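Reading through the structure tokens given below for one structure.
These numbers were taken from a predicted model, which means no experiment stands behind them.
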Amino acid sequence: MPGPAAKSLVLTDHERSVLSGWVRRPTAPARLVQRASIVLAYADESSVAGVARRLGVSAPTVTKWRDRFLAQRLDGLDDAPRPGQPRKLTDEQVETLISRTLEGVPPSGDTHWSTRSMAADQGLNQTQVSRIWRAFGLKPHTVDSWKLSKDPAFVDKVRDLVGLYMSPPENALVLAVDEKSQVQALDRTAPILPMMPSTPARATHDYVRHGTTTVFAAMDILSGAVIARNYRRHRSSEFLRFLTEVDAVTPKDLELHLVLDNYATHKTPAVKAWLLKHPRVVLHFTPTSASWLNLVERWFAELTRRKLQRSTHRSVIELERDIVAWTQNWNTNPKPFVWTKTADQILETLAGYCQRINESRH
């Protein structure tokens with residue numbers, strides 16, 4: 001079978017420059033790069049089969065974009081309008097709907113808009129409102145919680161902790177320390193039904209509680225390894241026992257920098273007396289109402305999500321045994337949590353929150 005008929009294609013200097021720019025641009029869409037490459041290659045050799053072999057495309061693809069370029073030049077390489085109904089909503093309608101969502105209040109007295117109430121308010125249908133909200137990332141039904149620390153030393157503490165995370169001191173070990181209290185030994189009132197195709201695993205919402213324990217943990221911020229102990233109570237004496245164990249299992253030639261929250265058991269006279277006898281231990285406290293700055297919270301989240309949330313235990317001993325086994329398994333291949341935001345970035349974000357608060361008050 002004869003190949004496609006050859007056609008003469010001559011590029012101007014401007015066209016060649018534009019096409020070459022599209023091919024070299026790393027952010028250009030792949031389809032545009034391919035079309036520009038086809039036109040450039042065909043202009044050099046005027047052979048459909050040769051261009052197809054060189055670029056790894058089919059001959060009909062080469063002829064299609066050659067002919068489109070010959071008919072419309074550079075504009076012909078853009079995607080043609082697809083068939084279908086024309087757009088029904090104008091930019092003004094979309095802008096009005098978004099402004100109404102962000103600034104308006106539902107006339108029905110509801111606390112937030114729904115797709116139906118907004119559709120009725122704007123004279124649209126629910127599907128249109130839903131699509132626009134998804135396109136602009138608007139979720140009126142969702143509310144995230146946050147709390148602004150009122151600690152007078154907030155800025156200094158943020159810089160201190162973030163400095164420890166991002167640039168740990170030499171000849172020192174930085175441990176993020178915290179406790180997870182009231183960890184419950186729960187037994188479901190019925191066995192968990194296993195997952196099946198199209199059906200997730202199912203558990204009863206009610207349970208029987210067989211007691212609680214407290215998990216004390218100290219995480220090495222560089223390696224991710226964790227020292228964890230279980231105690232039945234959550235007092236200053238248990239915290240001192242944990243500090244003593246941490247001091248015993250860590251290298252004696254290293255300083256210990258411990259990141260802690262402002263819980264009362266961390267600041268008792270007994271703890272202060274213990275620190276005087278162990279000068280290598282230095283405490284760094286998170287700001288008030290800012291426990292999110294303690295990196296070990298991420299480890300507790302993993303423990304909860306991967307072990308505690310779905311497990312069942314018929315005694316506290318069984319619960320503590322499982323926590324110890326899970327921690328040992330974690331330490332066989334620990335994964336550190338890397339702190340990425342600088343202190344300046346954190347403070348800049350919080351400054352933006354404060355500005356929005358002041359604006360909303362006025």
#### Entry: Validation row, ring centre H257 to ring centre H284 under 6.0 Å
yes

### Message
Tell me whether R280 is salt-bridged to D247, with the criterion being a basic N under 4.0 Å from an acidic carboxylate O.
### Response
yes

### Query
Under 4.5 Å between any side-chain heavy atoms of V129 and Q122, yes or no?
no

### Message
Are V174 and P169 packed together at the side-chain level, in the sense that at least one heavy-atom pair is separated by less than 4.5 angstrom?
### Response
yes

### Task
Say whether T286 and N294, considering side chains only, have a donor N or O and an acceptor N or O under 3.5 Å apart.
no

### Query
Does W330 reach the main-chain N or O of G224 with its side chain, forming a donor-acceptor pair under 3.5 Å?
yes

### Query
Are K180 and T214 close enough that some pair of their side-chain heavy atoms sits under 4.5 Å apart?
no

### Pair Y207-R188, side-chain donor/acceptor within less than 3.5 Å
no

### Message
Is it true that S236 and T265 share a donor-acceptor pair across their side chains at a distance under 3.5 Å?
### Response
no

### Message
Between K267 and D261, does any side-chain N to carboxylate O distance fall below 4.0 Å?
### Response
no

### Task
Hey, could you give me each pair passing side chain to side chain donor-acceptor pair (under 3.5 Å) that has a residue in residues 99-111? Not counting sequence neighbours.
R100-D121, T101-W133, S108-D110

#### Entry: Candidate pair L89 and L124, rule side chain to side chain contact (heavy atoms under 4.5 Å, CB included), full reasoning
CA-CA 9 Å; L89 293 180; L124 305 173; 3.6 Å; yes

### Query
Going through the distances and angles, do K307 and E302 end up as a salt bridge (Lys or Arg N to Asp or Glu O under 4.0 Å)?
CA-CA 8 Å; K307 184 61 185 176; E302 290 297 302; over 6 Å; no

### Query
Is there a donor-acceptor pair under 3.5 Å between the side chain of Q34 and the backbone N or O of R31?
no

### Student check: side-chain heavy atoms of F239 and V271 closer than 4.5 Å
yes

### Task
Any chance you could measure D178, atom CG, to L260, atom CG, to the nearest 0.5 Å?
8.0 Å

#### Entry: Nearest-0.5 Å distance that lies between atom OG1 in T349 and atom CD in Q345
7.5 Å

### Message
Once rounded to the nearest 0.5 Å, what's the spacing between atom CG of L275 and atom CG of L258?
### Response
8.5 Å

#### Entry: Any side-chain donor near an acceptor of the partner, H313 and D187, under 3.5 Å
no

### Query
Just by modelled atom types, is the R232 backbone N or O under 3.5 Å from a matching donor or acceptor in the T213 side chain?
no

### Query
Where does the angle between the aromatic ring planes of H266 and Y263 fall among parallel (under 30°), tilted (30 to 60°) and perpendicular (over 60°)?
perpendicular

### Contact check, side chains of F136 and V94, non-hydrogen atoms, under 4.5 Å
yes

### Task
Determine the sole option in L74, V33, L40 for which the side-chain contact (heavy atoms from CB on, under 4.5 Å) test with W22 is passed.
L74

### Message
So does F300 get a backbone contact from the side chain of T304, meaning a donor-acceptor N/O pair under 3.5 Å?
### Response
yes

### Query
Do V23 and S20 come close enough that some side-chain heavy atom pair is under 4.5 Å?
no

#### Entry: Electrostatic pair R159:D344 at N-O distance under 4.0 angstrom
yes

### Task
Determine the interplanar angle of the F154 and W292 rings, folded into 0 to 90°, and report it as parallel if under 30°, tilted if 30 to 60°, perpendicular if over 60°.
tilted

### Query
Just how far is it from atom CZ of R116 to atom OG of S130, taken to the nearest 0.5 Å?
10.0 Å

### Query
Between R235 and E238, is the closest basic N to carboxylate O distance under 4.0 Å?
yes

### Query
Roughly how far, to the nearest 0.5 Å, is CG of L243 from CG of L283?
7.0 Å

### Query
Quick check: does any side chain N or O of Y42 sit under 3.5 Å from a backbone N or O of S37, one acting as donor and the other as acceptor?
no

### Query
Does the ring centre of F216 sit less than 6.0 Å away from the ring centre of H234?
yes

### Query
Within a strict 4.5 Å, meaning less than it, do heavy atoms of the M195 and P200 side chains meet?
no

### Query
Are any non-hydrogen side-chain atoms of H210 and V208 less than 4.5 angstrom apart?
yes

### Query
Considering the options V226, I323, L308, T327, which one meets the side-chain contact (heavy atoms from CB on, under 4.5 Å) requirement together with V215?
I323

### Task
First locate atom OG of S291, then atom CD of E297, and finally report the distance between them rounded to the nearest 0.5 Å.
5.0 Å

### Message
Determine whether V39 and R66 satisfy the following criterion, side chain to side chain contact (heavy atoms under 4.5 Å, CB included), listing intermediate values before the conclusion.
### Response
CA-CA 6 Å; V39 173; R66 177 201 64 185; over 6 Å; no

